[in-house]
Amino acid sequence: MEPALKKSRSDSKNPYLSHLEDGSDDLESVSSNGLTRRATTVEAVEKAESGPNNPFNNIPFSDKYFAILDGRRQLPVHQQRDEFLKLYHENQIIVFVGETGSGKTTQIPQFVLYDELPHLTNSQVACTQPRRVAAMSVAKRVADEMDVKLGGEVGYNIRFEDCSGPNTMLKYMTDGMLLREAMNDHTLSRYSCIILDEAHERTLATDILMGLMKRIAQRRPDLKIIVMSATLDARKFQKYFFEAPLLAVPGRTFPVEIYYTQDPERDYLEAALRTVLQIHVEEGPGDILVFLTGEEEIEDACRKIALEADDLLREGAAGPLNVYPLYGSLPPNLQQRIFEPTPEDSKSGPGRKVVISTNIAETSLTIDGIVYVVDPGFSKQKIYNPRIRVESLLVSPISKASAQQRAGRAGRTRPGKCFRLYTEDAFRKELIEQTYPEILRSNLSSTVLELKKLGIDDLVHFDYMDPPAPETMMRALEELNYLACLDDEGSLTPLGRKASDFPLDPNLAVMLIKSPEFYCSNEVLSLTALLSVPSIFVRPNSARKLADEIRQQFEHPDGDHLTLLNVYHAYKSSEGTSDWCWNHFLSHRALISADNVRKQLRRTMERQQVDLISTPFEDKNYYVNIRRALVSGFFMQVAKKSANGKNYVTMKDNQMVSLHPSCGLSVTPEWVVYNEFVLTTKSFIRTVSSVRPEWLVELAPNYYDLDDFDNNKEVKSALQKIYQMAARSKKGSRK
DNA sequence: GAGCACTGC
């Protein structure tokens, strides 16, 4: 036996593997990529899995364990365990594709774990997920399957919650969390195997991790990498990962019949309503899922369908129909209603429910009992325009992959039907294959900062699976340079290093780090947390006026940022009860979330030695200090009132914008800083506060260089005056 | 006088 093997055995923290270790017949040594690894055979691992004792903790397996084990061995993926192990032993990287129901997310990590068990020392196996709930629920399931305590041998790690410990060998985590870890440990040295699950979703974090994995793979021949994805673009993953071998496992779903329209639909909303009612009248039992694009559209459709369905029921033309909306900003108790039982059949026809949902039902939420899917072929998608530096949401046609995913939702419990409200020709010729990965649709300033912290110096030649547009990269580098997070050579500055440790956009991070200079880091910390969560204001359709009136009592004349702070302080002094929030039209959920973010940021501040300071509330500069701190991070998001006195013009880009109607400023100040640029029916700036122009030239002289304003005479001359005034007062103060 | 698809640190 090789010395390496002996070493790993004597270091092993799992001394219970005698039956694996001693049964030398079951084991063989395999050499690949210059590294010696011990290969377990299916017979050996199945023996270990069959007990009587759990090899991971030496406790006898429970009866429940064996019941689950039988089910696991029925999963499609189990048939290919042998094949998987062979590939795993012989290769450093494998691409694994398995459709819904194949069991890949729960089983593959266990296959790895049983295989690694003989030589696991202190290393771990990580399996990433794009969503927190998935990481949590899969970890729970796998802990049950392995008959261990969650947080023990099997755990999970997501933002705000680390449920793992010193004994954890398998850790499910969000992709963002692993990326954070990589920022402080560039080779991810604590892991012996990293599994990137749901890679086809192409989240920003997964894309960066994939590029990182390629680099780490070369530096760490001992690291195993498994990329798991849905089938469609397996070739692309293989090619990207040095022609890694592919293992494909069939899913376990029921067939779904696809129907197209003969002619293009002029009005997809109207067509969707008609289709739902037609299914309800003509088709056999089974619930319906309809995909629409947003809250307003969904609520509207729900009302119309409920009205029509009532008529049909009264006429005796159809059975009862319950209609449920489903979208992300719907309160959780209302989201849960989709799981209510389907209404009883009546003489006139089967009882059904119909769920009208955004894309949330495409991946994040699974509803059992869906037999019919209505797919109009649209969704709201984020797009980024680097020219004007604006991210916006646009209703766009979905991709073929997305259409396939939607259809699949009809076949989870029995054969189903999917009604596509577009022609087959349109599906073939007009839909793109895959939704563009997030990296091509986002502002990358956060990502660029992360990459720098990850030790990637040459961002342009980093091996992206899909390289972002050069202009997007330029914008990000330029923004980080103005924020002084990167120097003129593009290297991380001490400020940039600090900023990268905060889970925040760079402008928020810089504002927070600089806030002690303005004697208000306590307040800016609260403000940053409030700006990092969904809106804390609730404005129900039924009580808009009242909600607006109550909001007014918190309003600060100098701007929405200060209003947010006022609300937060009132919330804290009311002891944050949900009744108080309800009565003041505030979202308790958002405020709790802001509190969590605040705590996390505060820990980061302590770690980065950013002091917590407050200006006494009585001080006349209390609010001024906060507004000045705001400018130190948001000087690139400033607008000046335009000549007509109604609109605003953004600095440098010269975009005509309006104050968002939610803005609470009592007067329209000459200069404002804004948190967000929203492009909807027209261009709005949202969450706006008044600032003094002399702060701009004082706090961001590089950005407010007069030579950069030649295309806007009005702004240039205004700035010129301020520079002159500043010079004069400097002279004056010298006397 | 308008709106927040969905995630994540």
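Letters go in sequence order (proteins before strands), and every chain restarts at 1.
- With respect to Glu299(A) and Arg303(A), no salt bridge is recorded, no charged nitrogen being found less than 4.0 Å from a carboxylate O.
- Counted within 6.0 Å of OH on Tyr464(A), heavy atoms from surrounding residues, nucleotides or ligands total more than 12; the atom is thus considered enclosed.
- Between Arg180(A) atom CZ and dT7(B) atom P the separation is 20 Å, expressed in whole Å.
- Within the nucleic acid shown, Ile158(A) comes within 4.0 Å of sugar-phosphate atoms alone, with no base atom in reach, counting heavy atoms only.
- Rounded to whole Å, the distance from CG on Leu449(A) to C1' on dC9(B) is 12 Å.
- Checking Lys214(A), Arg202(A), Arg441(A) one by one against Asp207(A), the salt bridge (charged side-chain N to carboxylate O under 4.0 Å, His left out) holds for a single residue, Arg202(A).
- Remark: P of dT7(B) and CG of Leu204(A) are 16 Å apart, rounded to the nearest angstrom.
- Taking only side-chain atoms of Asp548(A), from C-beta outward, the nucleotide of dA2(B), dA5(B), dC9(B) with the closest atom is dA2(B).
- Spacing between atom CG of Asp175(A) and atom P of dG8(B) amounts to 9 Å, rounded to whole angstrom units.
- Using a cut-off of 4.0 Å between Lys/Arg side-chain N and Asp/Glu carboxylate O, Arg602(A) and Glu606(A) are scored as salt-bridged.
- Residue Lys304(A) qualifies as open at atom NZ: its count of foreign heavy atoms under 6.0 Å is 12 or below.
- Nearest to the side chain of Pro661(A), among dC4(B), dG1(B), dC9(B), sits dG1(B).
- Closest to the side chain of Leu393(A), from the set dC9(B), dA2(B), dC4(B), is dC4(B).
- Relative to the side chain of Arg539(A), the nucleotides dC4(B), dA5(B), dG1(B) differ in distance, and dG1(B) lies closest.
- For the residue pair Gln405(A)/Thr363(A), the side-chain donor-acceptor check at 3.5 Å is not satisfied.
- Rounded to an integer number of Å, the gap from NZ of Lys498(A) to C1' of dC9(B) is 20 Å.
- With distances taken from any side-chain atom of Arg131(A) to the nucleotides dG8(B), dC9(B), dA2(B), the minimum falls on dG8(B).
- Lys682(A) places its NZ atom 8 Å from the C1' atom of dG1(B), with the value rounded to the nearest Å.
- The shortest distance between the side-chain N/O atoms of Arg544(A) and the OP1/OP2 oxygens of dG1(B) is not below 4.0 Å.
- Picking from dT7(B), dC9(B), dA5(B) the nucleotide with the shortest atom distance to the side chain of Met177(A) gives dC9(B).
- For Phe684(A), the listed nucleotide lying nearest its side chain is dA2(B); candidates were dA2(B), dC9(B), dC4(B).
- Note: CD1 (Ile685(A)) to P (dA2(B)) measures 15 Å, nearest angstrom.
- Counting only heavy atoms from C-beta on, Arg132(A) has its side chain closest to dG8(B) among dC4(B), dA2(B), dG8(B).
- When the nucleotides dA2(B), dG8(B), dA5(B) are ranked by their closest atom to the side chain of Thr358(A), dA5(B) comes out on top.
- Atom CD of Glu299(A) is separated from atom P of dA5(B) by 11 Å (rounded to the nearest Å).
- Taking the nucleotide of DNA chain B with the nearest heavy atom to each of Ser535(A) and Pro130(A), the more 5' of the two is matched to Ser535(A).
- For Thr174(A), counting side-chain heavy atoms from C-beta on, the closest listed nucleotide (dA2(B), dG8(B), dA5(B)) is dG8(B).
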